[in-house]
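Protein chains get the first letters and strands the later ones, always in sequence-line order, with residue 1 at the start of each.
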Amino acid sequence: MASYDFKTIEEKWQKRWENDPRLKAVDFHPTKPKYYVLYEFYNISGNLHMGHLKGTVPADALARYKRFKGYNVLFPIGGDAFGLPAENAAIKHGIDPHKFVEDGMKTVLDQSKKIGLSFDYSRTICTSSPEYYKWTQWIFLQLFKHDKAYKKVGKVNFCTHCQTVLSNEDSQGGKCDRCGNDVIQVNRNVWFLKMREYSEKLLKNIDNITMAENLKEAQRNWIGRSEGIEFDLGLYDENGNKKEDLSIFTTCIETVYGITFVVLAPENELIEKLSSSIQNMDEVRAYQEKTALRSEFDRMSQVKDKTGCILKGIYAKNPVTDELVPVYIADFVLNGYGTGAVMAVPCHDQRDYEFAVSFNIPMKQVIEGDCSKGAVEKGEYLVSNPKMVNSGEFSGMDVLSAKPKMAQMVIDKGFGRKIVNYKMQDWSFNRQRYWGEPFPIVFCDHCGIVPLDESELPLLLPPTKDYLPNAQGDSPLSKIDSFVNCTCPKCHGKARRETDTMPNWAGSSWYWLRYIDPHNDKALADYEKLKYWGSVDCYTGGTEHITRHVLYAFFWQNFLYEIGAVPTRDPFVRKMGSGLILDSEGKKMSKSSKNGVSPLEVIDKYGADVARLHVHFLAGYEDNCIWSFKGIEGITNFVDRVWKLQDMIKGDDVSKEHIVELNKLIKKTGEDYENLKLNTAISACMIFLKKIKEDGFITREELRQFLIVLNPLAPHITSEMYEMVFGQDILDQSYPEYDESKIVEDEISLPIQVNGKFRTTIKVSRDSTQDEIVSQIKSKNLIELGNVKKTIYVPNKIINFIV
RNA sequence: GCUGGUGUGGCGGAAUGGCAGACGCACGGGACUUAAAAUCCCGAGAUGGCAACAUCGUGUGGGUUCGAGUCCCACCACCAGCACCA
């Protein structure tokens with residue numbers, strides 16, 4: 001037997017798989033059930049790194065397993081190509097981004113093939129190709145037509161380095177997701193998508209999907225649902241004249257009697273309206289200017305001393321007590337959340353307490369507890385449930401029963417209502433960058449904002465050599481007159497195009513739908529095909545996009561469902577977040593930190609099968625692991641032993657020596673592939689191999705089944721051996737069935753406990769009765785039992801004597 | 001601070017409430033070899049003992065149970081998300 005020449009053999013199979021129809025998905029397959037496996041498509045930036053193996057290989061193993069199980073599997077791949085990497089290459093090295101993407105796509109697809117990934121390469125898509133972005137633009141047009149997209153001047157995140165507006169999702173932690181610099185807040189004319197309107201639907205998507213709890217919690221956190229009461233209080237001037245209405249959102253209506261002041265966000269528009277009644281407008285303006293300079297992140301994250309400014313001459317009337325209390329502005333109140341104003345109850349909110357101390361404002365306790373050193377907050381009183389005080393008719397009640405009654409009271413009196421608030425904001429959707437989808441929108445002096453007709457799509461991104469925004473921060477497209485100047489689709493007068501482009505998250509917000517029908521030029525995908533393939537059954541990929549891409553995906557799929565473009569609301573049935581591969585210092589492997597180990601290096605040295613096995617033997621799919629070559633010998637050894645099995649064949653059918661182990665193996669690996677638990681699947685294969693080695697032989701049928709079981713993990717070597725030994729292609733085989741009754745052994749080793757402590761084991765035949773076992777123990781004189789008070793016998797599990 | 005998750009040998013990691021440490025790495029011993037590498041076999045949680053065996057042992061402290069790594073309560077540590085959200 002020649003030794004295993006992985007280079008030649010792996011290449012041979014990779015060539016064969018490239019165009020193998022058996023690896024391609026079949027629309028409307030007459031007999032096979034469908035299964036859709038998705039891996040988060042590649043961000044086109046250069047070479048793949050080991051981290052990619054963490055997500056792609058389990059998906060590939062699942063796809064191969066499901067094909068064996070008789071499913072019609074859709075397992076596609078593509079490139080997320082708009083955005084930073086191509087644009088930076090253009091700016092820094094003058095590389096045409098189209099060319100960069102073309103080369104980048106080729107690279108990642110070639111490398112995928114070298115890993116042995118069985119994608120259906122005939123369905124490959126790329127978000128920056130006009131055939132694709134035509135439909136991204138089409139979706140935007142639908143959003144616009146259905147009043148889900150609007151343009152508004154507002155405070156938005158802006159990165160001075162990248163010269164572009166960013167969404168909240170793109171500036172998590174106050175850092176630009178593109179370059180890592182601090183984000184500032186600027187006023188801009190910005191496109192927003194009404195994502196907030198979809199909050200409840202997104203929460204429903206989260207309930208429906210199968211996903212790790214911590215990831216679901218991160219998403220719920222991001223949406224930030226909060227139930228409470230909104231109620232009206234009036235703003236009055238010094239002479240008791242009502243000037244304006246003001247609403248306040250609170251989750252703690254039980255503290256309403258304890259309001260001693262009210263705080264508005266510095267940007268609250270009521271301040272201008274009240275300016276004639278505010279006696280210290282100079283101070284107020286100075287404070288507004290001061291806070292405007294601080295970034296929102298700075299304002300929110302650094303809990304320093306409370307700053308603020310009183311609105312002299314303005315009072316708010318508490319509608320429950322009719323008391324007049326002073327009004328302040330302070331930067332801890334955010335204009336974008338609730339009504340941009342809060343009621344302050346210093347005794348029962350630590351933040352209000354600190355503000356009251358700084359500004360010497362009186363406090364009023366309305367719930368029992370010690371407020372001398374700080375607030376008694378809801379986290380405390382809702383648990384200990386003390387009595388209400390100083391709260392009119394509610395005094396003396398316990399908090400938990402008073403709370404709903406007080407809510408009902410403000411509703412009944414007509415000035416309050418139940419409200420749900422969300423932290424999640426609308427999605428700011430434009431970027432002042434070149435490399436993105438142009439908006440299919442024109443601005444006409446007569447007609448205003450006018451959408452292009454669908455027949456005009458795609459609106460092509462015009463070629464240029466100048467990839468930088470202008471001095472005012474306008475998109476590079478604004479410098480291209482032939483693009484900007486156009487005629488209005490409505491009145492045919494002169495008009496100007498929108499020159500911003502869409503964020504790179506646009507193309508990724510619907511790409512799984514396009515795989516279903518990648519070449520359709522009549523629709524984003526054929527409705528019947530969408531119905532056939534349905535939701536993605538298993539979606540693998542990193543966890544870093546969980547509060548961004550995945551939420552956007554929920555949002556767009558809901559919208560497309562509502563306009564009848566797709567048949568389901570839930571894009572994904574199951575989302576598996578893969579762990580990271582870290583370098584030896586525990587840092588994430590990535591292109592930007594230049595610590596990536598190339599899978600090609602590993603494949604070159606050890607082969608693709610070994611690389612696949614090693615990465616997944618290091619840790620579970622969802623766990624992070626530190627990359628190391630340490631231990632890879634264990635895997636090469638395993639692969640070599642598999643290869644040598646061909647010299648150990650003796651007999652044809654499954655032998656009685658191996659029937660139990662083989663059935664166990666089939667059962668275990670099947671479950672593990674379903675759950676992407678590749679590490680224990682590998683271990684199960686090793687255990688079986690150990691048994692074979694011990695006995696010194698394997699029968700033909702055993703080898704046949706073993707090769708199929710191992711194939712999803714190590715497709716090359718198993719395909720080769722299958723062909724050599726059986727003269728057939730393993731792709732035509734089906735996964736072996738296991739027989740539960742074969743797994744149970746006739747003779748078992750039963751643990752014996754005395755007083756719950758393990759003593760020894762006894763060999764007994766299966767399903768022995770308690771009496772049989774006790775008499776066997778006695779006859780063999782295994783242990784001294786003494787005075788047995790009670791015996792617990794769990795058949796085939798354990799026997800426990802209490803003495 | 002809030003929320004979620006995780007704590008198991010020298011290391012990576014296994015264990016539907018029933019023999020903890022599967023599988024692998026590293027380690028020790030042996031076989032083969034002039035020798036080494038490779039390969040093969042054996043050993044191995046800790047402590048005591050020549051050994052049979054005994055005691056302890058899954059972050060800490062309690063509890064439920066005949067029996068707890070697993071379930072419950074409290075605490076500690078680490079990781080992640082959110083963070084002055086009214």
Side-chain angles (χ1 to χ4, degrees), chain A residues 172-174 212-226 228-230 248-253 255 262-263 265 297 299-304 306 330-334 336-345 349-352 354-355 377-379 421-424 543-544 546-547 577 580 586 613-614 617-620 622-626 628-635 637-638 640-641 644 677 679-690 693-694 749-761 789-794 796-803:
Chain A
Q172 296 180 24
E213 198 51 40
N214 58 338
L215 302 180
K216 288 191 169 201
E217 240 0 81
Q219 292 188 327
R220 293 194 185 107
N221 238 321
W222 185 259
I223 294 169
R225 185 181 198 275
S226 163
I229 297 287
E230 189 179 271
I248 294 285
F249 174 73
T250 180
T251 56
C252 303
I253 192 66
T255 64
V262 159
V263 190
F297 180 72
R299 274 170 60 176
M300 307 228 307
S301 68
Q302 304 194 4
V303 188
K304 296 174 193 155
K306 294 281 178 291
D331 62 6
F332 71 78
V333 180
L334 309 171
Y337 184 77
T339 61
V342 299
M343 67 180 212
V345 185
D349 183 298
Q350 189 58 25
R351 182 199 57 196
D352 298 347
E354 284 161 22
F355 193 86
E377 293 197 282
K378 67 173 163 186
N421 247 309
Y422 304 94
K423 279 197 263 185
M424 187 173 69
T543 55
E544 68 272 30
I546 219 76
T547 55
L580 300 172
L613 290 165
H614 181 54
F617 199 54
L618 279 174
E622 293 183 309
D623 303 319
N624 292 342
C625 66
I626 291 176
S628 164
F629 282 101
K630 197 179 142 188
I632 200 165
E633 285 79 11
I635 298 293
N637 216 286
F638 169 70
D640 285 341
R641 288 181 196 181
K644 286 177 187 158
K677 291 177 78 174
N679 53 344
T680 47
I682 295 167
S683 140
C685 292
M686 288 173 166
I687 291 168
F688 181 75
L689 197 62
K690 219 176 182 179
K693 277 203 59 167
E694 253 172 53
S749 145
L750 188 81
I752 303 171
Q753 291 185 347
V754 176
N755 290 341
K757 280 201 170 182
F758 170 74
R759 280 291 170 262
T760 185
T761 59
K789 276 193 213 150
K790 191 178 166 192
T791 306
I792 294 119
Y793 174 53
V794 185
N796 305 323
K797 284 275 186 203
I798 203 156
I799 187 156
N800 188 8
F801 299 101
I802 311 302
V803 299

> Who are the side chain to side chain donor-acceptor pair (under 3.5 Å) partners of A:Asn755, not counting sequence neighbours?
Replying inline: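 Checked A:Asn755 against side chain to side chain donor-acceptor pair (under 3.5 Å); zero matches.
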
>> Going by the rule side chain to side chain donor-acceptor pair (under 3.5 Å), which residues pair with A:Lys216 if we only count those two or more places apart in sequence or in a different chain?
In response: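 Side chain to side chain donor-acceptor pair (under 3.5 Å) check on A:Lys216 returns nothing, list empty.
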
With sequence neighbours excluded, what pairs up with [X] under the salt bridge (Lys or Arg N to Asp or Glu O under 4.0 Å) test?
X: A:Asp352; value: none
X: A:Glu213; value: A:Arg220
X: A:Glu377; value: none
X: A:Glu622; value: none

> How does each nucleotide of nucleotides 15-20 of chain B score, in 5' to 3' order, for protein heavy atoms under 4.0 Å: base (B), sugar-phosphate only (S), or none (-)?
Replying inline: SB-BB-

> Quick one: side-chain contact (heavy atoms from CB on, under 4.5 Å) partners of A:Asn796, sequence neighbours excluded?
Replying inline: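 Only A:Ile748, A:Arg766, A:Asp767 meet the side-chain contact (heavy atoms from CB on, under 4.5 Å) criterion with A:Asn796.
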
> With sequence neighbours left out, what residues match A:Ile798 under side-chain contact (heavy atoms from CB on, under 4.5 Å)?
Replying inline: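 Here the qualifying residues are A:Pro751, A:Gln753, A:Val794.
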
>> Using the P atom as the point on both nucleotides, what is the distance between B:U6 and B:G10, in whole Å?
In response: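 Here B:G10 and B:U6 have their P atoms 23 Å from each other.
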
Expected rows: protein N/O vs nucleotides 28-32 of chain B N/O, under 3.5 Å:
none

>> My validator wants the stems of RNA chain B: runs of 3 or more consecutive Watson-Crick or G-U pairs, both distances under 3.5 Å, written as range with range.
In response: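 Detected stem regions: B:1-7 with B:76-82, B:10-12 with B:23-25, B:27-31 with B:39-43, B:45-48 with B:53-56, B:59-63 with B:71-75.
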
>> Under the criterion side-chain hydrogen bond (donor to acceptor under 3.5 Å, both in side chains), I'd like the reasoning laid out for A:Lys423 against A:Ser226: C-alpha separation, chi angles, the key distance, then a yes or no.
In response: CA-CA 8 Å; A:Lys423 279 197 263 185; A:Ser226 163; over 6 Å; no

>> From CH2 of A:Trp222 over to P of B:A80, roughly how many Å is that when rounded to an integer?
In response: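 About 17 Å, once rounded to whole Å.
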
Could you run down the sub-3.5 Å N/O contacts of the protein with nucleotides 37-44 of chain B?
unit_1: B:U39; atom_1: OP1; unit_2: A:Asn637; atom_2: ND2; d: 2.7
unit_1: B:C40; atom_1: OP1; unit_2: A:Arg641; atom_2: NE; d: 3.1
unit_1: B:C40; atom_1: OP1; unit_2: A:Arg641; atom_2: NH2; d: 3.4
unit_1: B:C40; atom_1: OP1; unit_2: A:Lys693; atom_2: NZ; d: 3.3

> What about A:Lys423: does its side chain form a donor-acceptor pair under 3.5 Å with the base of B:C82?
Replying inline: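 For A:Lys423, whose side chain was compared with the base of B:C82, there is no donor-acceptor pair (under 3.5 Å).
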
